[in-house]
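Here the structure is a predicted model, which means the values were calculated and not measured. Each chain gets a letter, A, B and so on, in the order its sequence line appears, and its residues count up from 1.
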Amino acid sequence: MPELPEVETIRRGIAPVITGKKIVAIHILEMRLRRPVNADDFVKWITGQTITGVGRRSKYLVWEMDNGAALLIHLGMSGHLGLFAPDTPPAKHTHIIFDLEDSIQVRYRDPRRFGVMEVVPPGMLAEWPSLAGLGPEPLSDEFTGASLANAVQNSKRSIKVALLDMRVAAGVGNIYANEALFTAGVDPRRLCCELHTGDYDKIAAAIKATLSRAIAQGGTTLNDYRNALGETGFFQLQLAVYERDKQPCVQCGAVIERGVLGGRSSYFCGCCQR
DNA sequence: AAACGCGCCTGCGGGC
DNA sequence: TGCCCGCAGGCGCGTT
């Protein structure tokens with residue numbers, strides 16, 4: 001479900017509400033996420049702490065605690081994180097509930113359980129394995145056409161597969177890889193090693209522009225994505241290629257094609273993307 | 001070592 | 001109506 005723009009939208013929704021609030025209790029209803037939830041660590045490091053900030057790294061939300069511990073939340077394919085009144089009944093597949101002071105409740109729901117929820121003890125965030133291997137944030141200044149080229153230009157993978165590698169561009173997922181390559185005018189099947197400097201400049205710029213536009217629209221709601229308040233995003237109305245196979249290209253009218261790269265659906269205009 | 005593909009889960013929509 | 005299949009926003013692991 002959520003790629004960088006959706007996670008960022010959720011972050012912006014919950015941060016002003018939960019920052020400065022104390023975590024009164026945590027209810028773990030289901031421990032079998034992608035990795036088993038460590039309930040002992042929640043009790044030891046998170047319960048009773050005050051949240052001092054909510055950050056994001058790639059598709060991870062990072063809740064910072066006043067004791068220096070952190071909580072990492074990854075929403076996988078179907079994860080939701082939302083604010084609720086405590087007296088409303090939890091939806092099916094609600095796995096973890098945080099009771100904060102002032103009757104604020106944050107609920108984590110994840111039907112497919114591909115998400116991750118893990119506690120980072122104080123002082124260990126910098127070297128934490130889940131984050132250590134991530135590449136540059138695509139919206140940061142260190143992510144450029146030159147840095148992207150440097151990372152992948154010797155690779156024999158297709159550019160689309162490379163963009164989905166979190167070591168290359170942390171937070172780009174299947175929707176935005178497809179959309180950015182359309183904006184850049186680059187065929188997703190092209191191999192990294194056959195692209196030129198100008199292509200990488202266009203791709204990096206297109207990634208930044210696409211992610212920024214999507215954040216401004218509150219993310220993409222294909223089926224069930226909702227922000228922290230339960231509202232949909234609107235970027236699905238601006239998708240040029242994703243899930244638009246057999247439909248006319250918004251730019252040239254040619255038929256959008258679908259293929260499979262790295263086991264993931266890829267959508268492109270064979271006319272606009274070379 | 002890079003590159004590929006499979007598996008983890010539940011739910012939904014389409015075809016029969 | 002209902003069953004079966006393919007597919008879904010992600011990622012880690014094993015194999016080649």
*H93(A) side chain: which of dG10(C), dT10(B), dA8(C) is closest?*
dT10(B)
*Would you say H74(A) reaches dC11(C)'s phosphate, i.e. side-chain N/O to OP1/OP2 under 4.0 Å?*
yes
*asked:* Can you see if the side chain of S155(A) gets near the phosphate of dA2(B) - specifically, an N or O under 4.0 Å from OP1 or OP2?
replied: no
*Among M166(A), E6(A), E8(A), which residue meets the side chain to side chain contact (heavy atoms under 4.5 Å, CB included) test with K59(A)?*
M166(A)
*asked:* Rounded to whole Å, how long is the line connecting atom CG of L33(A) with atom P of dG10(C)?
replied: 17 Å
_Starting the side chain at C-beta, find the nucleotide from dC7(C), dT10(B), dG9(C) nearest to P111(A)._
dT10(B)
*Hey, does the side chain of K59(A) come within less than 4.0 Å of dG9(C)'s phosphate (OP1/OP2), counting only N and O?*
no
*asked:* Please pick, from dG12(C), dG9(C), dA8(C), the nucleotide with the shortest atom-to-atom distance to any side-chain atom of N174(A).
replied: dG9(C)
_Side chain of D224(A), heavy atoms from C-beta onward: which of dA3(B), dG9(C), dG11(B) has the nearest atom to it?_
dG9(C)
*Separation of R35(A) atom CZ from dG12(C) atom C1', in whole Å?*
9 Å
*Between R107(A) and F84(A), is NZ or CZ placed under 6.0 angstrom from the six-membered ring centre and within 45° of the ring axis?*
yes
*In whole Å, what separates the C1' atom of dG6(C) from that of dC6(B)?*
16 Å
*Among dG10(C), dC7(C), dC9(B), which is the nearest nucleotide to the side chain of R113(A)?*
dC9(B)
*Closest to the R112(A) side chain, choosing from dA8(C), dG10(C), dA3(B)*: dA8(C)
*Can you tell me the distance, in whole Å, between the CG atom of L75(A) and the P atom of dT10(B)?*
18 Å
*Now, which nucleotide makes the Watson-Crick or G-U wobble pair with dC11(C), with each of the two distances under 3.5 Å?*
dG7(B)
*Rounding to a whole Å, what distance do you find between N154(A):CG and dA1(B):C1'?*
13 Å
*Any salt bridge between D165(A) and R157(A), counting N to O under 4.0 Å?*
yes
*Could you work out the separation of dG5(B) and dC7(C) based on their P atoms and round it to a whole Å?*
15 Å
_Using a heavy-atom cut-off of 4.0 Å across all strands, would you classify G173(A) as base, sugar-phosphate, or nothing?_
sugar-phosphate
*Looking at R34(A), does any N or O in its side chain come under 4.0 Å of the phosphate oxygens OP1/OP2 on dG12(C)?*
yes
*Between dG11(B) and K92(A), is there an OP1 or OP2 to side-chain N/O distance shorter than 4.0 Å?*
yes
*When the P atoms of dC11(C) and dA1(B) are considered, how many whole Å apart are they?*
23 Å
*Atom CG of D110(A) and atom P of dC9(B): how far apart are they, to the nearest Å?*
12 Å
*Could you state the atom-to-atom distance from CG of L191(A) to C1' of dC4(B) in whole Å?*
14 Å
*Measure the distance from CZ on R167(A) to P on dA1(B) and round it to the nearest whole Å.*
11 Å
*When the ring planes of F42(A) and F98(A) are compared, do they come out parallel, tilted or perpendicular, using 30° and 60° as the limits?*
tilted
*asked:* I'd like to know if the side chain of Q273(A) and the backbone of V186(A) have a donor-acceptor N/O pair within less than 3.5 Å.
replied: yes
*Tell me: NZ of K156(A) to P of dT16(C), nearest whole Å?*
20 Å
_Show, in sequence, the C-alpha distance, side-chain angles and deciding distance for F182(A) and Q251(A), and conclude whether the side chain to side chain contact (heavy atoms under 4.5 Å, CB included) test is met._
CA-CA 10 Å; F182(A) 174 81; Q251(A) 214 161 255; 4.0 Å; yes
*Considering only side-chain heavy atoms of L222(A), which listed nucleotide, dG9(C), dA3(B), dC11(C), is closest?*
dG9(C)
*Between dC9(B), dC11(C), dA3(B), spot the one nearest the side chain of F114(A), thanks.*
dC9(B)
_Under 4.0 Å from OP1 or OP2 of dG9(C): is there any side-chain N or O of Y176(A) that close?_
no
*Out of dA3(B), dG10(C), dG12(C), which nucleotide sits closest to the side chain of Y60(A)?*
dG12(C)
*Is the shortest heavy-atom distance from the side chain of R56(A) to the side chain of E137(A) under 4.5 Å?*
yes
*Can you tell me if the side-chain N/O atoms of R264(A) get under 4.0 Å from OP1 or OP2 in dG9(C)?*
yes
*Ignoring hydrogens and angles, are the base of dG9(C) and the side chain of N223(A) linked by a donor-acceptor pair under 3.5 Å?*
yes
